[in-house]
Amino acid sequence: MRSLLFVPGDSPRKMEKAAGSGADALILDLEDSVSLSRKTEAREMVAQFVASADRAFPAPRLVVRVNALDTGLTDDDLAAVIKARPDAVLLPKAGSGADIQDLGARIAVEEAEAGLDEGTVLIHALMTETAGGLLQAGTFAGKSQRLSALAWGAEDLAADIGATSNKDASGRYTDVFRMARSLTLLAAAQSGVEAVDTVFTDFRNMEDLKKECDAAVRDGFSGKMAIHPDQVAVINAAFTPAPEDLERAIKILALFAAAGPDAGVLSLDGRMIDKPHLRQAERIARRAGLDPAALPEMDEADRD
Ligand code: COA
Ligand code: MG
């Protein structure tokens with residue numbers, strides 16, 4: 001997923017608008033963008049939107065951000081929305097891998113109630129919104145098959161540590177926030193899931209958004225969250241691999257597929273390629289919206 005657009009869950013108008021935004025995923029929010037007095041209404045609106053939305057590719061994936069586990073609101077969020085079968089639930093203020101297991105168990109209960117197969121609904125987590133979550137970055141891997149993306153957040157972390165700003169005068173994230181960003185990349189790599197870059201809140205400023213996207217692509221993020229539909233095109237363009245990079249990635253995937261599971265080191269265009277190149281190629285294919293596992297078969301079919 002290249003772009004994940006946040007939409008307040010108590011605004012059917014924005015949800016409709018977001019559906020046509022071109023975002024790869026929508027994050028239908030039940031947390032911070034919805035006031036406490038509107039939580040119940042928002043749950044119903046989100047459930048109705050998910051249940052009636054067009055789900056066929058290339059329609060956006062639907063992710064619901066629930067309220068954090070310590071709010072006492074999470075179970076009611078899940079009871080309202082899981083039966084509509086969202087693609088994933090986004091957990092804010094995730095404190096550790098144990099929280100992912102806790103959420104997974106709660107989702108499993110609702111899946112069973114709704115007659116859905118266990119594991120249907122995936123988990124995305126915001127893992128740097130609290131000091132504790134940041135310090136537990138190494139605990140997210142290997143805890144749940146549902147975990148499919150890790151994202152970082154800067155606004156709540158600033159509040160948690162008492163920082164008056166998360167950026168310095170030149171607009172660069174300060175040390176703690178750069179560490180949060182780096183730990184998210186590392187935890188995602190360790191977990192084998194997508195790393196998602198945080199929102200860029202200055203939503204009229206496309207020039208600096210593009211700079212942040214380019215830096216995120218360079219550093220290994222597979223996508224970025226958005227707060228405004230106008231940000232989607234910039235994000236999608238930045239995270240879409242260049243045609244020559246995609247072509248090379250497809251060649252590498254095909255070579256490794258042809259060499260079989262024991263393939264070690266191979267050569268392409270006079271250069272050595274090994275396992276890290278294969279993983280890189282898989283990432284590029286995924287960013288292009290392709291399934292890396294299906295590609296070599298496509299390549300075989302093309303040759304017939
Ligand atoms: N999703 C869908 N539609 C959105 C949208 C979003 N995230 N943000 C704005 N729009 C719509 C507006 O409703 C408006 O539509 P309209 O002309 O049909 O009324 C249009 O896009 C233009 O919006 P604009 O006037 O430029 O912005 P705004 O002042 O209405 O909204 C925000 C600004 C920040 C309130 C809005 O972008 C927003 O709600 N963002 C998401 C916030 C969120 O979910 N935060 C939680 C995670 S950090
Ligand atoms: Mg928040």
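What you see is a predicted model; the values in this text were computed from it and never measured. Atoms within each ligand, like the ligands themselves, are counted from 1 in listed order.
Of the protein's heavy atoms, K17 CD, 3.7 Å lies nearest to atom 11 (C) of ligand 1. For atom 44 (O) of ligand 1, the closest non-hydrogen atom of the protein is F6 CB, 3.4 Å. The nearest heavy-atom contact from the protein to atom 33 (C) of ligand 1 is F203 CZ, 3.6 Å. Regarding atom 42 (C) of ligand 1, its nearest protein heavy-atom neighbour is P8 CG, 4.3 Å. Protein heavy atom closest to atom 48 (S) of ligand 1, with residue, atom name and distance, is I227 CG2, 4.0 Å. In terms of protein heavy-atom proximity, atom 18 (O) of ligand 1 is closest to R13 NH2, 2.7 Å. Closest to atom 45 (N) of ligand 1 among all protein heavy atoms lies S33 CB, 3.9 Å. Scanning the protein for heavy atoms near atom 10 (N) of ligand 1, the closest one is P229 CD, 3.7 Å.
There is a protein heavy atom closer than 4.0 angstrom to atom 15 (O) of ligand 1.
Contact annotation for K14 and ligand 1: heavy atoms of both the backbone and the side chain come within less than 4.0 Å of the ligand. Residue contacts with ligand 1 for R204 involve side-chain atoms from C-beta outward but no N, CA, C or O (heavy atoms, distance under 4.0 Å). Under 4.0 Å from ligand 1, not a single heavy atom of E16 appears.
In this model, a donor atom of one side chain and an acceptor atom of the other lie less than 3.5 Å apart for S3 and N236. If you check the side chains of R2 and T240, you find a donor sitting under 3.5 Å from an acceptor.
Without hydrogens or angle criteria, R61 side chain to R55 main chain gives a donor-acceptor distance under 3.5 Å. Put simply, the side chain of T174 never gets that close to the backbone of D168: no donor and acceptor are under 3.5 Å apart. For T128 (side chain) and G153 (main-chain N/O), a donor-acceptor pair under 3.5 Å exists by modelled atom type. Put simply, the side chain of S11 never gets that close to the backbone of P8: no donor and acceptor are under 3.5 Å apart. At least one donor-acceptor pair under 3.5 Å links the side chain of Q231 to the backbone N or O of F200. At least one donor-acceptor pair under 3.5 Å links the side chain of D77 to the backbone N or O of N67.
Ionic pairing of E194 and R286 is not present here: no N-O contact between side-chain nitrogen and carboxylate oxygen is shorter than 4.0 angstrom.
The distance from ligand 1 to the heavy atoms of R65 drops below 4.0 Å at these ligand atoms: 46 (C), 47 (C). For ligand 1, the atoms lying closer than 4.0 Å to a non-hydrogen atom of H228 are 8 (N), 9 (C), 22 (C), 23 (O), 24 (P), 26 (O), 27 (O), 37 (O). Numbered from 1 in the order shown, with element, the atoms of ligand 1 that lie under 4.0 Å from a heavy atom of D29 read 46 (C).
D32 does not count as a contact of ligand 1, since none of its heavy atoms falls under 4.0 Å from the ligand.
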